Asks: 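Right, I'll just put the structure down here and ask away after.
Lettering of chains follows the sequences in order, A, B, ..., and the numbering in each one begins at 1. Quantities reported herein were computed from a predicted structural model and do not represent experimental measurements.
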Amino acid sequence: MSTIASDEVIDLSMPVSGASDAVDPIPAVSTGPTPTPPGLTQRAIRTIGRTTLALLGALIVFGILVMLRGVNPVTAYRDMVVSTFTDPAQLAGIAVRATPILLAALAVAIPARAGLINVGGEGQLIIGGVAAMGVSLAFDGRVIGPITLVVMALAGAVAGGVWAGFAGVLRLKIGIAESVTTLLLNYLALDLLYFLIYERWKDRKGSGQPATRSVLDAEKLPLIGDTRLHVGLFIALISALVIYVIFRTTSWGFTLRAVGGNAEAARRAGLPVGRTLVTSMLVGGCFAGLGGFAQLAGAEYKLRPGFLIGYGYVAFLGSWLGRHRPIHVVVSCFVLSAIAISGDSLQLDSQLPAASVNVLMALVLIGVFGFGRRSAKGAAS
Amino acid sequence: VIVEVLAGGVRGGTSILFAALGESTSERAGVVYLGTEGSMLAGALAGYAIASETGQPWLGVLAGAAAGGLLALVHAFLVLHQGANQLATGLVILFLGLGLTSLFGSNYVQALAPTFAPWEVPLLGDIPVVGEILFRQDPLVYLSYACVPIAFWVIHRSRWGVLLRAAGERSEVLEATGHPVRRIQYLAVVTAGVLAGLGGVHLSTAYTKAWFENMAQGRGFVAVAVVMFAARHPFKVAAGSYLFGAALALSPALQARGYGINQFALDAVPYAVTLLVLIVLGRRRRAEVPEGLSKVFEASPA
């Protein structure tokens with residue numbers, strides 16, 4: 001079988017003679033040089049047009065809201081752009097923030113290919129960070145740094161994978177919706193984190209704040225240059241690329257989409273549907289766990305209250321914004337991260353609460369989800 | 001200790017109860033509303049702000065309910081009209097509520113507002129134990145008591161409830177018989193928002209008696225979990241809300257008496273119980289999920 005050329009849903013119940021047919025909604029009958037259907041590019045232009053309109057609408061509405069608070073929206077936007085995109089520290093901040101978000105978004109995108117909804121990025125991120133910290137505490141400097149770092153990464157990935165895979169198993173064996181269990185598992189992960197940092201792992205020599213000790217210097221991910229950027233960014237980007245390749249070229253990637261397209265047809269075609277569902281959650285969770293590790297070893301260095309809170313939900317939205325396509329997801333995660341970072345400017349330059357920027361993020365998402373791709377959504381449902 | 005914990009459970013569980021009752025209504029109609037938390041925040045701020053500006057706490061209640069309902073209306077429009085994904089849209093609404101309330105709430109962080117004081121029900125409040133737990137609360141708690149049987153009656157006994165549940169189970173049938181499915185679902189989702197808004201008002205004007213950013217602190221999500229725990233049944237929802245509320249109230253009460261129990265181990269209990277209930281009841285529970293709803297939760301059959 002050739003490589004899969006499109007991102008369209010594969011439905012094995014449709015008569016498919018070759019994977020390339022999936023590109024075209026109507027299987028080509030004539031073998032002659034058929035003119036390319038005008039629909040594709042036209043549709044792309046229309047989608048881009050709608051998205052631009054949606055973004056403009058979001059900016060206008062947010063501008064009006066800002067004006068209601070007595071702030072000149074033009075100045076506010078100018079300050080946001082200037083201080084977010086010209087300050088190297090802020091630019092680095094965007095990338096640092098996007099790192100765990102991107103990894104957790106991949107944890108949404110992979111199961112989504114198989115038709116599963118993973119709302120548990122939040123818990124999987126946290127549990128990854130907890131596992132990595134656990135390794136650091138257990139080794140306690142007795143093992144040389146690089147090895148510890150690798151073990152921490154592995155522990156984070158495995159923990160995240162198990163956390164998500166558990167939901168996958170429950171789905172397969174008992175039939176509980178994975179969107180429900182992953183959501184519940186988020187709270188359990190959060191309570192576990194708090195239990196550990198308030199009690200078991202609390203730094204006795206610290207300032208009395210509920211937090212663990214920092215990871216040792218040798219266990220920190222290398223920084224890039226003089227910035228806050230850390231190697232975790234490359235881990236995230238490479239992960240996205242690997243997933244992209246896996247989706248396109250491997251049989252597992254094909255199976256994922258076949259299962260997501262029409263599970264019954266995939267089963268009759270002899271594909272291991274159940275196993276694919278569980279492994280997609282497992283593999284996805286691994287990436288989110290890795291994200292927790294990267295945040296711990298690259299940015300925060302210790303577990304504290306508020307560790308990665310809210311990142312998982314943003315990641316969920318990032319994956320949906322990018323329609324679960326790895327490269328698109330990279331872009332959307334950076335966009336969401338940039339919007340979040342620009343909240344700093346609102347606070348400093350316009351004296352509005354930093355969290356106000358959530359309005360802008362929500363408006364952009366409403367614009368894209370609700371208005372940007374109506375035709376595509378209509379066709380899917 | 002037990003009385004104190006239970007009374008605290010009722011007090012703390014009330015905001016969750018309001019929101020969870022609303023969520024049940026909406027899920028019965030086949031729409032999941034993950035934006036509950038956003039509606040609670042909107043209700044909390046609107047209620048507190050209006051109470052503060054007008055000096056009338058009951059006007060605050062109305063404003064809070066309206067604010068919560070308005071956010072839910074956005075959700076309903078995007079989901080029912082524009083065909084957006086319910087779970088993703090719900091989260092977007094959550095962020096919208098979070099952002100809007102921090103944008104417009106900063107003026108009210110230190111503001112004073114008339115709040116609801118506990119009011120003892122004559123006679124009933126004198127009953128030992130039960131009276132102390134149930135009948136020495138604030139008026140909004142009593143309102144929530146009323147909401148539970150009303151919700152039960154509406155969902156399970158009224159004509160409207162039949163339509164509501166039909167919209168969640170087999171919307172095609174309802175449509176074929178000439179009923180306005182979409183209008184019913186709109187109404188259900190907005191009800192969810194209104195009730196979540198009431199929950200928010202209770203939080204700000206009766207429970208904490210203050211407004212601060214992100215004050216719902218996950219209670220909206222807890223409400224969603226309660227609804228899963230209770231299988232969308234109003235009386236079970238009430239029990240679940242108080243269970244979660246009591247878990248929140250238990251640890252401070254115990255710690256005040258020197259019992260060294262970690263609060264977070266306790267906080268985890270309700271979630272673990274919910275998960276266990278789901279696992280044990282597994283397939284049986286699954287049959288109870290409205291059919292239209294399971295399409296949302298399960299994109300593909302396994």
Side-chain angles (χ1 to χ4, degrees), chain A residues 65-66 68-69 112 114-117 119 170-172 174-181 183-188 190-195 198-199 259-260 262-264 273-274 277 313-314 316-317 320 352-363 365-366 369-371 374 377-378 380-381, chain B residues 32 34 38 74 77-79 81-85 87-89 91-107 213-214 218 221-222 224-225 228 262-272 274-275 278-283 285-286 289 294 296-302:
Chain A
L65 289 172
V66 164
L68 285 175
R69 291 290 275 120
L116 294 178
I117 304 164
V119 205
L170 287 182
R171 164 61 190 272
L172 187 65
I174 311 180
I176 317 172
E178 72 288 344
S179 46
V180 173
T181 47
L183 199 57
L184 285 170
L185 285 168
N186 286 346
Y187 308 110
L188 286 174
L190 192 60
D191 282 330
L192 179 68
L193 169 73
Y194 280 160
F195 171 72
Y198 275 88
E199 199 89 347
V259 170
N262 185 332
E264 195 48 45
V273 173
L277 290 179
Y313 297 118
V314 174
F316 183 80
L317 295 171
W320 279 86
L352 295 171
S356 310
V357 84
N358 281 319
V359 179
L360 183 59
M361 189 182 88
L363 287 171
L365 290 166
I366 286 176
F369 288 163
F371 301 95
R374 185 159 183 199
K377 282 281 168 188
S381 63
Chain B
V32 182
L34 275 190
V74 176
F77 174 73
L78 290 172
V79 167
H81 248 100
Q82 305 288 47
N85 177 272
L87 298 170
T89 308
L91 286 177
V92 172
I93 300 294
L94 157 66
F95 284 109
L96 184 63
L98 183 60
L100 281 175
T101 51
S102 24
L103 181 60
F104 290 99
S106 49
N107 288 350
E213 203 177 290
N214 196 13
F221 277 124
V222 174
V224 176
M228 293 167 187
N262 188 294
Q263 181 190 342
F264 304 104
L266 272 174
D267 286 352
V269 169
Y271 301 111
T274 308
L275 205 56
L278 287 173
I279 292 171
V280 172
L281 295 181
R283 294 200 180 279
R285 245 324 140 71
R286 195 181 185 186
V289 177
S294 52
V296 180
F297 280 132
E298 303 166 24
S300 78

Asks: Please find out if less than 6.0 Å separates the ring center of B:Phe221 from that of A:Tyr313.
Replies: yes
Asks: Got a donor-acceptor contact below 3.5 angstrom from the A:Ser356 side chain to the A:Leu352 backbone?
Replies: no
Asks: Output yes when a side-chain donor or acceptor of A:Asn358 lies under 3.5 Å from a complementary backbone atom of B:Ser102, and no otherwise.
Replies: no
Asks: Taking side chain as everything from C-beta outward and backbone as N, CA, C, O, which of these in B:Leu78 sits under 4.5 Å from a heavy atom of chain A? Side chain, backbone, both or neither.
Replies: side chain
Asks: For the candidates B:Asn214, B:Asn107, B:Leu34, which exhibits the highest count of non-hydrogen atom pairs separated by less than 4.5 Å from chain A?
Replies: B:Asn107
Asks: What is the ring orientation for A:Trp320 with A:Phe316, classed by angle as parallel under 30°, tilted 30 to 60°, or perpendicular over 60°?
Replies: tilted
Asks: With a 4.5 angstrom heavy-atom cut-off, is it the side chain or the backbone of B:Val222 that approaches chain A, or both, or neither?
Replies: backbone
Asks: Against chain B, label A:Leu185 side chain, backbone, both or neither, depending on which of its atoms sit under 4.5 Å from a heavy atom there.
Replies: side chain
Asks: B:Leu98, B:Leu275, B:Ile93: which one forms the most heavy-atom pairs within less than 4.5 Å of chain A?
Replies: B:Leu275
Asks: Is there a side-chain contact between A:Leu192 and A:Leu188 (heavy atoms, below 4.5 Å)?
Replies: no
